[in-house]
Amino acid sequence: MTNVLVTGGAGYIGSHACKALKTAGFTPVTFDNLVTGWQDAVRFGPFEQGDLLDPARLEEVFAKWQPEAVMHFAALSQVGESMKEPGLYWRNNVQGSLNLIEAATSAGCRNFVFSSTCATYGDQDNVVLDENSAQHPINAYGASKRAIEDILRDYEVAFGLSHVIFRYFNVAGADPEGEVGEFHQPETHLIPLLLDAIDGKRDALTIFGTDYDTPDGTCIRDYVHVCDLVDAHVLGLKWLQDGKGSRVFNLGTGSGFSVREVMDHSRSVTNRPVPFKEGDRRPGDCTRLVSGSTRAESELGWTPSRSTLDTMITDAWRWHQSGHYEK
Ligand code: UDP
């Protein structure tokens, strides 16, 4: 069985990726520091606790498992926090990734799948966001991810590190079989916060800004189901194994939903009212982020079959009601 080192395998997207990898016949080896991840979420392969800021630990793990590829999910990923604590993002995301990339190349591992983000594009009015769009991030999170993309390109030139970069739009939903799901502490993402508010687990949802230049004044995002997203990663891994070379892919559906529209869908899926209040804009938020590319579909053969908003909310709601991980 082929070992794949999955950084952040104890986190939301990483744990779903481990399940998809196992289903596809790979052995996912989770590398996670458990700062934001959950050991309970490591269910599909071996676990190595460690921090990307510890090069010796990385070297040890590469020597032990000799992975054929890396899937790199581990990162801090909150836009708001990145505006307040940029140093955290540059150190953890950029220095941590550099350590990982160096450990991989030193160990002779030449296949690298990287989770990047549509936040690298920034706020671009009326621009169709495809993989060739300019990248002008407006928050430190997006800037840190763009920097890692640059590092990967340099390491390809110098050391032949083949990489697939996935620029995610907004990831939502949960494993429909209920084995893993989204659970952040603290939670900052729209759909889990909405479900908490609907369920009375927290106060009303605050809409961050109602004066954006959009039809209803709230920000628009392109939501993609976590299971579809990780399916693309397995296809990306096979792409690298087939020697097809480095490539960037957007992962979104091309359909945008405003915050108010997500609230409306949540109300109809759960059949319960959504307590909310209107608040100020959150620094670092883009007005509209919607993918304008079908490259993943046409080149990887990706079919995002669960990414309707109602399916994502239904799966998230089922997970939300079924309990969570324990530390
Ligand atoms: N949002 C909101 N209230 C919240 C959390 C998020 O209005 O409590 C909005 C946020 O401004 C953005 C959208 O919901 O327009 C998605 O935010 P999220 O943090 O889920 O993902 P991001 O787009 O920042 O990656």
Side-chain angles (χ1 to χ4, degrees), residues 11-13 36 73 75-86 89 93 115-125 129 135 137-146 166-174 181-199 201-226 229 250-253 255-267 274-291 307 309 312-313 315-317 320:
Y12 169 42
I13 302 172
T36 57
F73 298 96
L76 297 175
S77 62
Q78 294 174 28
V79 166
E81 179 187 60
S82 82
M83 298 299 285
K84 293 182 188 141
E85 302 268 5
Y89 281 70
N93 292 2
S115 3
S116 189
T117 168
C118 61
T120 61
Y121 294 123
D123 232 351
Q124 305 189 34
D125 281 349
L129 296 176
Q135 292 174 286
I138 61 164
N139 52 60
Y141 166 61
S144 72
K145 291 283 186 170
R146 186 185 63 178
F166 287 118
R167 295 191 188 133
Y168 307 167
F169 285 73
N170 285 59
V171 188
E182 181 167 19
F183 188 45
H184 298 106
Q185 268 189 340
E187 188 53 76
T188 64
H189 293 107
L190 178 62
I191 291 176
L193 285 177
L194 259 172
L195 298 180
D196 273 353
I198 287 172
D199 214 14
K201 287 190 180 147
R202 69 176 75 225
D203 295 341
L205 176 92
T206 302
I207 301 179
F208 292 148
T210 52
D211 59 348
Y212 284 96
D213 184 16
T214 60
D216 67 20
T218 64
C219 293
I220 293 177
R221 296 288 183 272
D222 178 343
Y223 293 85
V224 56
H225 197 293
V226 64
L229 187 97
N250 277 0
L251 293 179
T253 65
S255 299
F257 294 92
S258 70
V259 174
R260 289 193 205 277
E261 286 173 324
V262 176
M263 288 169 50
D264 288 344
H265 281 259
S266 301
R267 187 179 302 120
V274 181
F276 73 95
K277 57 187 185 213
E278 298 183 355
D280 293 338
R281 291 183 177 201
R282 181 173 65 177
D285 269 345
C286 297
T287 304
R288 186 175 191 280
L289 287 168
V290 179
S291 179
S307 292
L309 197 50
M312 288 184 273
I313 296 169
D315 288 348
W317 182 233
H320 179 92

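Start at 1 and go down the list; that is how both ligands and their atoms are numbered. Bear in mind that the values here come from a model prediction, so they are computed numbers and not experimental data.
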Can you tell me the protein heavy atom closest to [atom] and the distance?
| atom | value |
| --- | --- |
| atom 3 (N) of ligand 1 | T206 O, 2.7 Å |
| atom 4 (C) of ligand 1 | F208 CE1, 3.3 Å |
| atom 9 (C) of ligand 1 | V259 CG2, 3.8 Å |
| atom 21 (O) of ligand 1 | N170 ND2, 3.1 Å |
| atom 8 (O) of ligand 1 | L193 CD1, 3.3 Å |
| atom 15 (O) of ligand 1 | C219 CB, 3.0 Å |

So between L190, T117, D285, whose heavy atom ends up nearest atom 11 (O) of ligand 1?
D285

Out of R288, H189, R282, who is nearest to atom 17 (O) of ligand 1 when you count heavy atoms only?
R282

Test your reading of the model: is there a side-chain donor-acceptor pair from T206 to the backbone of K277, 3.5 Å cut-off?
no

Evaluate the side-chain contact (heavy atoms from CB on, under 4.5 Å) criterion for residues Y121 and R167: first the C-alpha distance (whole Å), next the side-chain angles of each, then the deciding distance (0.1 Å), finally the verdict.
CA-CA 9 Å; Y121 294 123; R167 295 191 188 133; 2.9 Å; yes

Identify, by atom number and element, the atoms of ligand 1 in contact range of I207, meaning under 4.0 Å from any of its heavy atoms.
7 (O)

Kindly assign one of parallel, tilted or perpendicular to the pair H189 and H184, based on the angle between their ring planes and the thresholds 30° and 60°.
tilted

Work out which heavy atom in R288 is nearest to a heavy atom in D123; give both atom names and the distance.
N-OD1, 4.1 Å

Is it the side chain (CB and beyond), the backbone, both or neither of R221 that lies under 4.0 Å from ligand 1, heavy atoms counted?
side chain

Please determine whether a side-chain nitrogen of the Lys or Arg among E278 and R260 lies less than 4.0 Å from a carboxylate oxygen of the Asp or Glu.
yes

Do R281 and D211 sit within salt-bridge range, that is, some charged N less than 4.0 Å from a carboxylate O?
yes

Calculate, to the nearest 0.5 Å, the distance between atoms OH and CD1 belonging to Y212 and I220 respectively.
11.5 Å

Can you find an N or O of Y223 that's nearer than 3.5 Å to an N or O of ligand 1?
no

